[in-house]
Amino acid sequence: MHTADLATALGVPPEVPATAAAQALRIVAELAVGHGLAGPLLLAATGRPGSLPAGFSVL
């Protein structure tokens with residue numbers, strides 16, 4: 001996440017290594033499911049507009 005944050009701040013594409021991305025996304029998915037937030041996250045991940053409220057986080 002910090003690499004993606006830094007890339008965004010520098011205005012470059014957030015290119016995260018595949019292994020790190022897969023691990024981070026797995027953790028995010030598990031947190032979303034555990035907190036009952038899988039639906040909104042799935043909607044957002046599949047491009048549905050307006051699917052996440054302001055400040056949404058699975059943390």
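Keep in mind that the numbers below use all heavy atoms, side chains included, and drop hydrogens, waters and symmetry copies. Since the model is a prediction, treat every value here as computed from it, not as a measurement.
The hydrophobic cluster around Leu10 extends to Leu6, Val12, counting ILVMFWY residues whose side-chain heavy atoms fall within less than 4.5 Å of a member.
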Atom pairs and distances, donor-acceptor, side-chain atoms in residues 41-49, under 3.5 Å, two or more places apart:
unit_1 : atom_1 : unit_2 : atom_2 : d
Thr46  : OG1    : Leu42  : O      : 2.8
Thr46  : OG1    : Leu43  : O      : 3.2
Thr46  : OG1    : Arg48  : NH1    : 2.8
Arg48  : NH1    : Thr46  : O      : 3.0

Output a table of donor-acceptor pairs, distance under 3.5 Å, between side-chain atoms of residues 14-33 and any protein atom two or more places apart or on a different chain; print 'none' if there are none.
none

